[in-house]
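Residues: numbered from 1 along the sequence shown. Only a predicted model underlies this, so the values are computations on that prediction, with no experimental measurement involved.
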Amino acid sequence: LLPLDPTAGSINIQAIAVDSDNNLWYSTDGGLWEYQFSSDKEGSPVKHLDCDEMGINIISLFVDAYRGIWIGTFGQGIFLYDPVLKNVRRYQEEDGLANDNILSIAGNDTHIWLATLGGVSKTSLEKVHFDGSGNDLFVNYHNQHGLGTDYIYQSFIDSRGRVWFATDGRGLTVLDQGVFTNYPGEDMDSNGIFYSITEVEVQSMWVS
């Protein structure tokens, strides 16, 4: 167990992510914290954002290739936090986001995928970090595009670059070379509700 200082705030951890320096980022109902393993600050969590002050509930986290911290919230959209400059940008439905409930965040060197309760949003890392605005910042996908449902619990990018989606009641959906393929729950002896996806070794997918 990590020695997370209970005096530094709530220890009800809701989301975690690891940056390129192997520092742990985690959210509680009180804020966004960083636990540094490789510095003279080791053993003392650093609070970066205050959830009460911002009026947000953080439920997902992701550190991108530019070291930006993506902060998914329940009902308040997505935030992009620069831990060096300490600035925060917020994106909501009015900015083109599919939905303001961000249940999962996945990414690679070029793109970020957001799983929401209203479909999936995709954005370009380069455009977000070096432009950050515009009506075309997000590309959204919905049931009619082939997701199977708009309730998506997780997005996951596998070793072949395919993007998988865990759906609420419609099994798994995969986007491969621009084509969506859905694998309903009955194909896997289940009720079709999947919450998480991961890959073990190469091309071996595990779901819960």
Is there a side-chain contact (heavy atoms from CB on, under 4.5 Å) between Ile69 and Leu80 once you walk through the steps? CA-CA 6 Å; Ile69 313 298; Leu80 179 56; 5.9 Å; no
With a cut-off of 6.0 Å (strictly less than), are more than 12 heavy atoms of other residues, nucleotides or ligands near CG of Asp109? no
Say whether Thr149 and Thr167, considering side chains only, have a donor N or O and an acceptor N or O under 3.5 Å apart. no
Phe194 ring center within less than 6.0 Å of Tyr153 ring center: no
Looking only at heavy atoms, which two atoms of Glu199 and Phe156 are closest? And how far apart? N-CZ, 3.6 Å
State whether the side chain of Arg90 and the backbone N or O of Gln76 hold a donor-acceptor pair below 3.5 Å, judged by distance alone. yes
Closest heavy-atom pair and its distance - Trp113, Lys122: CZ2-CD, 3.4 Å
Let me confirm one number: the OG-CD1 distance from Ser60 to Ile58, rounded to the nearest 0.5 Å. 9.0 Å
Can you give me the closest heavy-atom contact between Ile152 and Leu103, atom names plus distance? O-CD1, 3.6 Å
Can Asn182 and Thr173 be counted as having a side-chain donor-acceptor contact under 3.5 angstrom? yes
Short side-chain to backbone donor-acceptor contact, Lys127 and Ser124, under 3.5 Å: no
Which residue, Asp95, Asn99, Asp100, forms the side-chain contact (heavy atoms from CB on, under 4.5 Å) with Leu97? Asp100
Test item: Asp64 side-chain N/O and Gly68 main-chain N/O as donor-acceptor pair under 3.5 Å: yes
Residues Gly119 and Ala98: closest non-hydrogen pair is C-CB, 4.3 Å
Give me the ring orientation class for Trp25 and His48: parallel if the planes are under 30° apart, tilted from 30 to 60°, perpendicular past 60°. tilted
Just by distance, do the side chain of His142 and the backbone of Leu147 share a donor-acceptor pair under 3.5 Å? no
Using 4.0 Å as the upper bound for N to carboxylate O, is an ion pair formed by Asp21 and Arg67? yes
Is the distance from the ring center of Tyr183 to that of Phe165 below 6.0 Å? no
Using the rule that Ile, Leu, Val, Met, Phe, Trp and Tyr join whenever any side-chain heavy atoms are under 4.5 Å apart, tell me whether Val163 and Val139 fall into a single cluster. yes
Main-chain N/O of Asn143 paired with Asp150 side-chain donor or acceptor, under 3.5 Å: yes
Linking I/L/V/M/F/W/Y whenever their side-chain heavy atoms sit closer than 4.5 Å, directly or via other members, would Trp70 and Leu137 fall into one cluster? yes
Treating Asp168 as the side-chain partner and Ile193 as the backbone partner, does any N or O pair qualify as donor plus acceptor under 3.5 Å? no
Let me see the working for Phe138 and Leu114 under side-chain contact (heavy atoms from CB on, under 4.5 Å), right down to the final yes or no. CA-CA 10 Å; Phe138 295 98; Leu114 309 174; 4.1 Å; yes
Output for pair (Ile56 CD1, Phe74 CZ), nearest 0.5 Å, gives 14.0 Å
Under 3.5 Å, side chain of Gln154 to main-chain N/O of Ile197, donor-acceptor pair present? yes
Going through the checks in order, is the side chain to side chain donor-acceptor pair (under 3.5 Å) test met by Ser196 and Ser208? CA-CA 5 Å; Ser196 62; Ser208 67; 2.5 Å; yes
Check: Asp19 side chain, Asn23 main-chain N or O, donor-acceptor pair, under 3.5 Å: yes
Any donor-acceptor N/O pair, Arg89 side chain to Val128 backbone, under 3.5 Å: yes
Report yes or no: do His145 and Asn140 form a side-chain donor-acceptor pair below 3.5 Å? no
Do you reckon Ile102 sits in the same ILVMFWY cluster as Ile16, going by side-chain contacts under 4.5 Å, direct or chained? no
Is there a side-chain contact (heavy atoms from CB on, under 4.5 Å) between Ile59 and Thr73? Walk through the geometry before answering. CA-CA 5 Å; Ile59 58 175; Thr73 72; 5.7 Å; no
Side-chain heavy atoms nearer than 4.5 Å, only ILVMFWY residues, links allowed to pass through others: does that put Leu49 and Ile13 together? no
Checking side-chain polar atoms at under 3.5 Å, does Thr28 have a donor or acceptor matched by the opposite partner on Gln14? no
Take a 6.0 Å sphere around CZ of Phe180 and say whether it holds more than 12 heavy atoms from other residues, nucleotides or ligands. yes
Do Tyr151 and Val120 share a hydrophobic cluster, counting only Ile, Leu, Val, Met, Phe, Trp and Tyr and linking them when any side-chain heavy atoms are less than 4.5 Å apart? no
State, to 0.1 Å, how close Ile105 and Ser155 come at their nearest heavy-atom pair, and which atoms those are. C-OG, 4.4 Å
Non-hydrogen atoms of Tyr66 and Leu125 that approach each other most closely: CE1-CB, 3.8 Å
